[in-house]
Number of protein chains: 2
Amino acid sequence: MTRQQSRSGGGRRRASHSMESVLEEAVALLDEAGAPALTFRALAQRLGGGVASIYWYVANKDELLDLAADHAMGPVLADVEKLPRSDDPIDDLRVMAITLFDAIVQRPWLSAYFMRNTSIQTHTLGLYEKLGQQTLRMNLTASQRFHAVSALVGVVVGSAVDLGQEPTQEMLDGNVDRDEYLHRVAQDWRDLDPQEFPFVHEIVDEFDGHDDVDQFRSALELTLTGLRLQAGA
Amino acid sequence: MTRQQSRSGGGRRRASHSMESVLEEAVALLDEAGAPALTFRALAQRLGGGVASIYWYVANKDELLDLAADHAMGPVLADVEKLPRSDDPIDDLRVMAITLFDAIVQRPWLSAYFMRNTSIQTHTLGLYEKLGQQTLRMNLTASQRFHAVSALVGVVVGSAVDLGQEPTQEMLDGNVDRDEYLHRVAQDWRDLDPQEFPFVHEIVDEFDGHDDVDQFRSALELTLTGLRLQAGA
DNA sequence: GGTACGATAGAACAACGTTCGATGCGATGC
DNA sequence: GCATCGCATCGAACGTTGTTCTATCGTACC
C-alpha cells in the first residue's frame with residue numbers, strides 16, 4: 001500500500017484526485033469552519049469522490065491534519081525565506097516569529113497541528129531550521145540554541161492557543177462577536193470581590209477588548225530580551 | 001433544568017452520584033489513558049449508572065472537560081497559596097510557574113483545557129490571580145502586568161503542549177517508549193543534508209533524549225529575565 | 001486483447017455525543 | 001398512611017464520525 005501522485009484530469013463518473021488537491025480542499029474546509037468542519041465525508045463531497053478514496057493518500061485523520069497543516073505552512077516558509085537579513089539576529093528572529101504568528105492568526109486551526117510530526121511536516125521543519133539558523137549567528141552553546149528556538153516556538157504556540165479555541169456556541173450562532181464575549185467575561189471579573197482578586201481588577205480594563213497581537217508581541221519581546229542578555233550582547 | 005448536589009449514598013439498583021464523584025471519576029479516567037479515554041459511556045460505567053445521568057451535572061462534554069480540568073487544579077491552587085513568599089516577586093513567579101508546570105507534566109491532558117473558561121474554572125482563575133499578585137509588587141503599568149502574566153501562562157502552556165499530545169500508536173502499543181521515539185526522530189534529522197539544515201544538525205544531540213522540564217525552565221528563565229529588565233530592577 | 005496494478009468507491013461497522021421519554025425515589029402536604 | 005410533586009436516574013434510540021472490507025474501474029504494458 002503506497003500512495004502516489006496521479007496524473008490530473010479524469011473521467012466523468014469516477015473522480016480523480018491528487019495529493020495536492022486533497023490537501024488543498026482540506027485546508028479550504030479548515031479555513032471555512034475550523035477543525036470540526038474537516039470530515040472525510042465533507043472532504044469527499046468537495047472532491048466529488050468517495051470517502052474511502054481519501055485513504056489512498058493519507059493513513060488516517062491525524063496524518064491528514066498534519067499534512068494539511070504543513071501544506072498551509074508552505075507559503076509561510078517561503079515568506080520567511082524571502083525576508084531580508086539584518087545585522088542583528090534577534091531582529092531577524094522577531095520578524096520571523098511575527099510572520100509565523102500572523103499565519104496562525106489567519107488560520108487559527110494551525111496552532112493545534114503545528115510542529116507535531118516533523119517527519120512528514122517538511123515545511124514546518126524548514127521553519128524550525130530558519131529560526132535556528134539565526135541562533136547560529138549568536139554567541140550561544142548548542143544547548144542554549146536548542147532551548148532558545150524551543151522557547152520562541154513555545155511563545156508563538158502558547159499565544160496562539162487562545163486563537164485556536166473553537167468559538168463558543170453563541171459566537172457560532174452569530175448572536176455575539178469576540179468583543180462582546182470578551183466584554184462579558186470582563187464583566188464577570190468586575191463582579192468578583194476586589195479584596196480577593198486585586199490583580200484581576202487591576203487588569204480587567206486591559207483584558208476587555210484586548211488585542212491578541214499586542215499580547216503576543218509583549219510575550220515575544222520578553223523572551224527576546226532575555227535571549228539577548230543570554231548571548232551577552 | 002438546574003443541577004444540584006445530591007446527598008451521598010443511594011440504592012442498590014439505581015446509582016446516586018454527585019458533582020464531586022462525577023469529576024473525580026472523570027479525572028481518574030483522564031489520568032489513566034488521556035483525553036480519548038474519557039467517554040460518557042466509560043464514565044457512566046465507572047459511576048455504576050446510566051449514560052444520560054451525567055447530563056444532569058454537565059451540559060455537554062466541553063463543560064465536563066472544563067470542570068474536570070478545574071477540579072484537578074484545586075490542589076495546585078492550594079499548593080501555590082501555601083508557597084512561602086520571598087522578597088523577590090520574580091523568584092515567587094518562578095516557583096509558581098514551575099508548580100503549575102509540574103502539575104501539567106503529571107497530567108498532560110490538562111494543557112488543552114487550562115484557562116479555557118474562567119467563568120466556571122474558579123481554581124484556574126485563582127491561579128491567574130495569584131500569579132498576577134506578584135506583578136503588583138513590581139514597578140509596572142497595568143498593561144505590562146496583564147501582558148506579563150499572559151506571557152508566563154503562555155510559556156507554561158506552550159511548553160506543555162508537547163506533553164499534551166496523545167502518544168503515537170506505537171507508544172500506546174508499548175513497542176516503543178518516549179526515549180526511543182525521540183531517538184528515531186533524531187535519526188531522521190541526522191539523515192538530513194547538513195548544508196541545508198545546519199541548525200538541526202547543531203542541536204540534534206541536544207534534542208535526542210532531552211528533558212521537557214529543562215526545556216520549560218529555559219523558556220521560563222528567558223521570559224523572567226526579560227520581565228526583570230522591564231521592571232527596571 | 002488479456003493482465004497487472006494504481007486508484008476509486010459503496011456499504012457496512014463500531015464508537016461517539018446527545019436527546020427523548022419513561023420511571024424511580026424521597027420529601028412534603030394533608 | 002397516602003397522594004403529590006419534583007429532583008434524579010436510566011435504557012434506548014438517533015445522527016454523525018473515523019475506519020475497513022470488498023468489489024470494481026481504467027489505463028499502461030506485453
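Heavy atoms only: backbone and side chains are in, while hydrogens, waters and symmetry mates are out. Each chain gets a letter, A, B and so on, in the order the sequences are listed, and its residues count up from 1.
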task: To the nearest Å, give me how far apart CE (A/Met19) and P (C/dT8) are.
output: 12 Å
- request: With sequence neighbours excluded, tell me which residues meet side chain to side chain donor-acceptor pair (under 3.5 Å) with B/Arg145.
  value: A/Glu202
message: Just to verify, what does A/Ala219 make a side-chain contact (heavy atoms from CB on, under 4.5 Å) with, not counting sequence neighbours?
response: A/Val155, A/Ser159, B/Ala151
- request: Return the set of residues passing side chain to side chain donor-acceptor pair (under 3.5 Å) with B/Asn60 (not counting sequence neighbours), or none when no residue passes.
  value: none
Rounded interatomic separation in angstrom, taking CD from B/Glu63 and P from C/dG17: 15 Å
- request: Take nucleotides 13-23 of chain D nucleotide by nucleotide from the 5' end and write B, S or -, depending on whether a protein heavy atom sits under 4.0 Å from the base, only from the sugar-phosphate, or from neither.
  value: B---BBBBB--
- prompt: Is the distance from OP1 or OP2 of C/dA9 to the nearest side-chain N or O of A/His17 less than 4.0 Å?
  reply: yes
field: Partner residues of A/Ser111 under the side chain to side chain donor-acceptor pair (under 3.5 Å) criterion, sequence neighbours left out
entry: none
query: Taking only residues two or more places apart in sequence or in another chain, which ones pass side chain to side chain donor-acceptor pair (under 3.5 Å) with A/Glu32?
result: A/Arg46
task: Please check the phosphate of D/dA8 (OP1 and OP2 only) for any side-chain N or O of B/Ser53 closer than 4.0 Å.
output: no
- prompt: Rounded to whole angstrom units, what separation is found between the CH2 atom of B/Trp56 and the P atom of D/dC10?
  reply: 14 Å
- request: Starting at atom CG of A/Leu43, determine the distance to atom P of C/dA9, rounded to an integer number of angstrom.
  value: 12 Å
message: Can a side-chain donor-acceptor contact be found between A/Ser119 and B/Asp188 if the only test is distance below 3.5 angstrom?
response: yes
